[in-house]
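To find a chain, count down the sequence lines: A is the first, B the second, and so on, and within it residues start at 1.
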Amino acid sequence: MCCRTARVATTTTEGLADAAAAQAPGTTGPAPHLILVDGSGYIFRAFHALPPMTRPDGVPVNAVFGFTNMLGQFLTRHVGTHLAVVFDASRVTFRNAIYDQYKAHRPEAPPELVPQFSLIREATAAFGVACIELDGYEADDLIAAYAKAFEGTGGQVTIVSSDKDLMQLVRPGVQLLDPIKQKPIREPEVFEKFGVTPDKVVDVQALAGDSTDNVPGVPGIGIKTAAALITEHGDLEGLLAAAPQIRQPKRREALIAHAELARISKKLVTLDSDAPLPAPVDSLLVRAPEPGRLAGFLREQGFRSMLHRMGLDGDANADSAPVSRPRHAPASATGLPEPAAATAEVTPAADAAPFGPYETVTEAAALAPWIAAAREAGVLALDTETDSLDALHANLVGISLAVAPGRACYIPLRHGPAQAGADLLEEAPKPPPQMTQDEAIAALRPLLEDPSVLKVLHNAKYDLEVLCRAENGGVAVAPLDDTMLISYSMDAGRHGHGMDELSLRHLGHRPIPYDEVTGTGRARIPFGQVALDKATAYAAEDADVTLRLWQALKPRLRTERALALYEQVERRMVAVLRDMELAGIKVDGAELARIGEDFSQRMVTLEKEIHELAGKPFNVGSPKQLGEILFDEQKLPGGKRGKAGAWGTDAAVLEDLAARGHELPRRVLHWRQLSKLKSTYVEGLAAQIDKRDGRVHTDFSMALTSTGRLSSTEPNLQNIPIRTEEGARIRRAFVAEPGHVLLAADYSQIELRLLAHLADVPSLREAFAKGEDIHSRTAADIFRLDPDKVDREARRRAKTINFGIIYGMSAFGLAARLGIGPGEARGIIDAYFSQYPGILEEMERLKAQARETGYVTTPFGRRLWIDGIQAREQARRGNAERAAINAPFQGGAAEIIKRAMVRMPAALRAAGLSARMLLQVHDELLFEVPEAEVEATAACVRAVMEGVAELRVPLKAEIGHGANWGEAH
DNA sequence: TACATCACG
DNA sequence: GACGTACGTGATGTAC
């Protein structure tokens with residue numbers, strides 16, 4: 001056997017070459033080390049993590065790309081003496097003979113993945129790595145068998161997989177490596193996951209089952225319970241023998257009834273370490289790839305960036321970072337340089353430049369060349385580091401800049417002495433040398449405020465709020481691009497838009513996690529105490545990633561027809577929302593306290609009455625205890641158990657019982673209402689009042705919802721109560737400053753107007769045009785009534801169905817809401833659709849569009865991706881279909897109000913008004929207005945809101961004002 | 001941490 | 001024939 005091979009001098013194969021030079025087991029040299037890569041796990045992860053890609057000839061290759069990239073990266077980092085990638089060979093294995101349902105509900109591989117399996121085996125071979133597979137056995141069994149066989153050599157085994165089923169193999173000499181987290185999994189990690197040592201894992205799995213593999217287990221027993229039982233009884237057989245003595249009746253019965261199921265489950269999850277080895281262990285010895293084979297393979301797939309990154313494209317300068325980009329003629333409305341056009345390459349091109357090392361800039365002389373490079377390029381990526389996620393309280397700790405891929409620096413400003421690794425010297429630790437904030441800001445301000453240099457940020461609103469505050473330099477960064485919003489403008493609903501996720505998805509690069517830099521929990525240190533080398537590696541990488549994301553994503557805006565949406569709406573929202581968040585809204589804390597006191601007293605009374613009615617004290621706030629009292633003890637009718645086996649006690653259930661004259665549920669409903677208001681709004685809100693200005697400042701999330709709406713957190717000011725009198729009291733605690741009023745402007749029936757517009761319904765269009773009541777018109781149409789004969793009940797029913805339609809409601813759902821039979825509900829829906837055939841067509845069109853393209857569009861062209869529309873499970877697909885129906889209405893409304901918001905500040909200014917926009921609540925805008933300007937402001941706001949879009953129906957805003965938010969409605 | 005519940009549009 | 005049953009959010013308390 002020959003094991004010495006020529007050293008191949010490429011970055012990627014270096015690790016391999018080192019290993020190949022190692023001695024075979026049994027001789028002197030590095031200890032034998034077998035690495036077994038779970039290939040199937042890699043494939044599915046790559047397939048699902050990456051967007052579709054195709055070769056020029058149309059063959060889908062996203063999984064091939066992801067797999068090749070991962071394997072290549074892995075080989076640069078890990079050295080073994082023996083190496084194999086192990087695959088599943090077929091769907092049917094010996095386990096199906098034991099239990100025919102095993103993995104039975106696993107869907108067939110998606111058609112786009114099928115042609116990629118053989119390419120992935122080719123890729124493995126191209127790296128010179130052995131491919132192992134065997135009919136009738138899963139990859140996991142082969143891994144178990146090789147691990148066992150290799151142990152005889154006295155060597156170490158590392159299994160690269162995140163599959164928990166492999167944890168049973170962990171033992172001295174055998175470890176797992178999580179390929180995502182790059183974290184070894186040894187006994188403590190297994191214990192953390194399963195609550196038992198690795199040798200007991202199969203016993204726990206036998207009890208807990210595994211829904212993803214259709215391993216049944218024992219019903220009602222999860223991992224936690226299983227671990228406790230196995231710990232107590234040793235193993236599965238010990239437990240089954242002792243089952244009759246178990247105290248808990250449910251558990252005892254389940255164990256006795258399903259003993260055989262548990263035994264079968266154990267057989268299913270136990271890996272077969274006696275599986276035959278398709279190739280001898282010795283043949284897995286690491287060898288260098290045949291020269292040119294890998295390059296040839298990569299070239300065939302069109303993976304040019306990878307070829308380049310691995311130094312296989314014959315370019316001697318492959319590793320040197322580009323220092324500057326050629327300038328481009330301004331191509332967009334911004335008049336600013338555009339990133340390089342998308343390359344023809346199908347891959348999410350990862351740049352050749354490495355991520356780091358980066359420079360730490362600690363003096364003005366070192367900062368100057370970065371500023372010059374940014375001016376030369378006309379664009380830079382920017383990121384701030386702070387000591388808080390709350391932008392309004394955060395102190396600037398440092399700034400990072402990137403001027404080209406791989407060329408980034410970190411400028412520490414308020415770093416203290418590094419905390420970790422403090423030595424034992426007596427003298428007080430000193431902060432590291434660094435520029436002062438004044439010094440750095442003085443140098444950077446002209447650049448950051450220069451209208452001819454584009455600043456690229458990720459979630460720019462945060463950085464803008466930090467930097468605009470005087471204590472952090474008071475810099476007004478402009479103009480800007482925001483990679484989070486670029487992504488959101490094209491891919492809402494498709495995936496998240498955080499930097500780490502986008503980097504992994506589009507750059508194939510996993511940035512250093514924040515937690516890795518600062519630690520977590522009690523051990524977490526402020527960023528300003530992180531050692532400068534670590535801080536630089538993290539912070540400069542963020543700027544580098546931001547710049548590369550911008551280069552990868554910005555060109556797509558044009559091809560995906562999202563450029564106008566991004567430039568005219570999303571990007572302009574940044575400054576608008578920044579100002580709203582900075583403004584905040586005043587809350588009367590004393591009034592909140594009075595409300596809380598009142599609610600407390602009433603809750604005490606109610607609680608006493610509830611306990612009396614129950615016949616014993618219990619925790620009214622516990623749905624579990626309440627359910628047991630209502631349905632187990634008092635045997636009230638109408639109880640339904642949820643999926644966890646607990647009685648359902650939500651408001652609908654309690655209202656039903658209350659309507660039948662039961663006093664206990666009625667009081668509980670009232671108690672719950674007060675409890676909710678008190679804890680969430682009285683106490684939660686009071687804790688959020690900023691001591692500096694007596695106002696609450698929300699944080700609007702711009703890239704979170706699947707429909708284009710905003711969301712609001714800490715506190716959420718988009719769900720302040722209003723529907724009940726008690727709730728309205730809380731809304732009245734939101735007040736205006738002296739001399740001002742709050743002015744609220746609501747879009748009237750905006751989603752129904754969009755329905756009339758999109759489905760082009762003549763009757764509804766006419767009703768809106770004439771300013772009629774839309775629900776009365778619907779009632780007249782579908783119940784064939786004279787317009788003046790529409791009573792309250794008919795209108796109520798029409799209103800329910802109008803809203804139900806927008807939500808994709810079924811006859812079943814309508815029946816439940818109206819309290820009628822499904823037959824009658826069916827009749828109403830039929831009448832509705834026969835009166836408004838355009839609506840039926842529109843619903844069908846939306847479902848079909850989502851099914852065929854994966855997305856639906858708003859009337860303004862925004863794509864909303866619908867997750868699960870292709871699902872095989874009917875329930876999941878049904879959910880997706882209803883989401884597809886709703887999305888254009890919810891998203892269209894969101895877009896209308898965003899358009900009004902971006903126009904509003906300039907319109908107010910032009911009218912000489914000093915009103916401030918404070919909040920957006922989906923179809924409502926709230927302003928704080930000087931008393932003297934109320935009428936003029938109302939006119940201006942109305943003009944902007946109603947004039948923002950031309951639909952087939954008019955838009956209407958309803959405006960009111962008052963000393964507080966309650967009165968403004 | 002997951003679930004149930006409920007606040008809003 | 002069964003399946004599940006109105007969209008989108010965020011905060012809180014209980015129970016595991």
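- Phosphate proximity of B:dT5 to A:Thr649: present, with a side-chain N or O under 4.0 Å from OP1 or OP2.
- Taking atom P in both B:dA2 and C:dA6, the straight-line distance is 26 Å, to the nearest Å.
- The residue A:Ser810 sits close to a base: some heavy atom pair falls under 4.0 Å.
- The C1' atoms of C:dA2 and B:dC6 are separated by 32 Å, rounded to the nearest whole Å.
- Side-chain atoms of A:Gln890 lie closest to C:dG8 of the nucleotides C:dG8, B:dC8, B:dA7.
- A:Ile595 places its CD1 atom 15 Å from the P atom of B:dA7, with the value rounded to the nearest Å.
- The distance from atom NZ of A:Lys799 to atom P of B:dG9 is 11 Å, rounded to the nearest whole Å.
- Centroid-to-centroid, the aromatic rings of A:Phe889 and A:His757 stay 6.0 Å apart or farther.
- In this structure, C:dC16 forms no base pair with any nucleotide, since neither Watson-Crick nor G-U wobble geometry is met with both distances under 3.5 Å.
- At least one donor-acceptor pair under 3.5 Å links the side chain of A:Thr698 to the backbone N or O of A:Pro715.
- The side chain of A:Arg882 lies closest to C:dC7 when the candidates are C:dA11, B:dT5, C:dC7.
- If you check every strand for non-hydrogen atoms under 4.0 Å, A:Phe803 touches a base.
- Using a 4.0 Å heavy-atom distance criterion, A:Lys224 is classed as making no nucleic acid contact.
- Using a 4.0 Å heavy-atom cutoff across all strands shown, A:Gln625 reaches sugar-phosphate atoms only and no base atom.
- For the pair A:Tyr681 OH and C:dG13 P, the computed distance is 12 Å after rounding to whole Å.
- At least one side-chain heavy atom of A:His495 sits less than 4.5 Å from a side-chain heavy atom of A:Ser487.
- DNA chain C is contacted by both A:Ala811 and A:Ala883; A:Ala811 maps to the nucleotide lying nearer its 5′ end (nearest heavy atom per residue).
- A:Gly878 comes within contact range of no nucleotide atom at all, as no heavy-atom separation falls under 4.0 Å.
- Summarising the geometry, the separation between CD1 on A:Ile896 and P on B:dG9 is reported as 18 Å, rounded to the nearest angstrom.
- At the heavy-atom level, A:Ala651 lies under 4.0 Å from the strands shown only through sugar-phosphate atoms.
- We find that CG of A:Asp867 is positioned 10 Å from P of C:dG8, with the value rounded to whole Å.
- Geometric assessment of A:Arg753 against the ring of A:Tyr747 yields a negative cation-pi assignment under the 6.0 Å and 45° thresholds.
- The backbone N or O of A:Ile806 sits less than 3.5 Å from a side-chain atom of A:Asn886, completing a donor-acceptor pair.
- The number of heavy atoms from other shown groups lying within 6.0 Å of CD (A:Gln849) is above 12.
- Proximity of A:Leu664 to A:Ile610: side-chain heavy atoms (C-beta onward) are separated by under 4.5 Å at one or more points.
- When distances run from any side-chain atom of A:Tyr807 to the nucleotides B:dC6, C:dC7, B:dA7, the shortest one goes to C:dC7.
- Contacts with DNA chain B (heavy atom under 4.0 Å) in residues 701-730 of chain A: A:Arg709, A:Gln718, A:Asn719, A:Ile720, A:Pro721, A:Ile722, A:Arg723, listed by number.
- For the pair A:His670 and A:Arg602, the minimum side-chain heavy-atom distance is below 4.5 Å.
- With C:dC16, C:dT14, C:dA6 as the choices, the nucleotide that has an atom nearest any side-chain atom of A:Asn619 turns out to be C:dT14.
- Rounding to whole angstrom units, CG of residue A:Leu677 and C1' of C:dG13 are separated by 15 Å.
- Nucleotide C:dG4 forms a pair with no other nucleotide shown, judged by Watson-Crick or G-U wobble geometry with both contacts under 3.5 Å.
- Going from atom CH2 of A:Trp647 over to atom C1' of B:dT5 covers 19 Å, rounded to whole Å.
- For A:Leu919 and C:dT9, the CG to P distance is 20 Å, given to the nearest whole Å.
- Classified by interplanar angle (parallel below 30°, tilted 30° to 60°, perpendicular above 60°), the ring pair A:Tyr836/A:Tyr832 is perpendicular.
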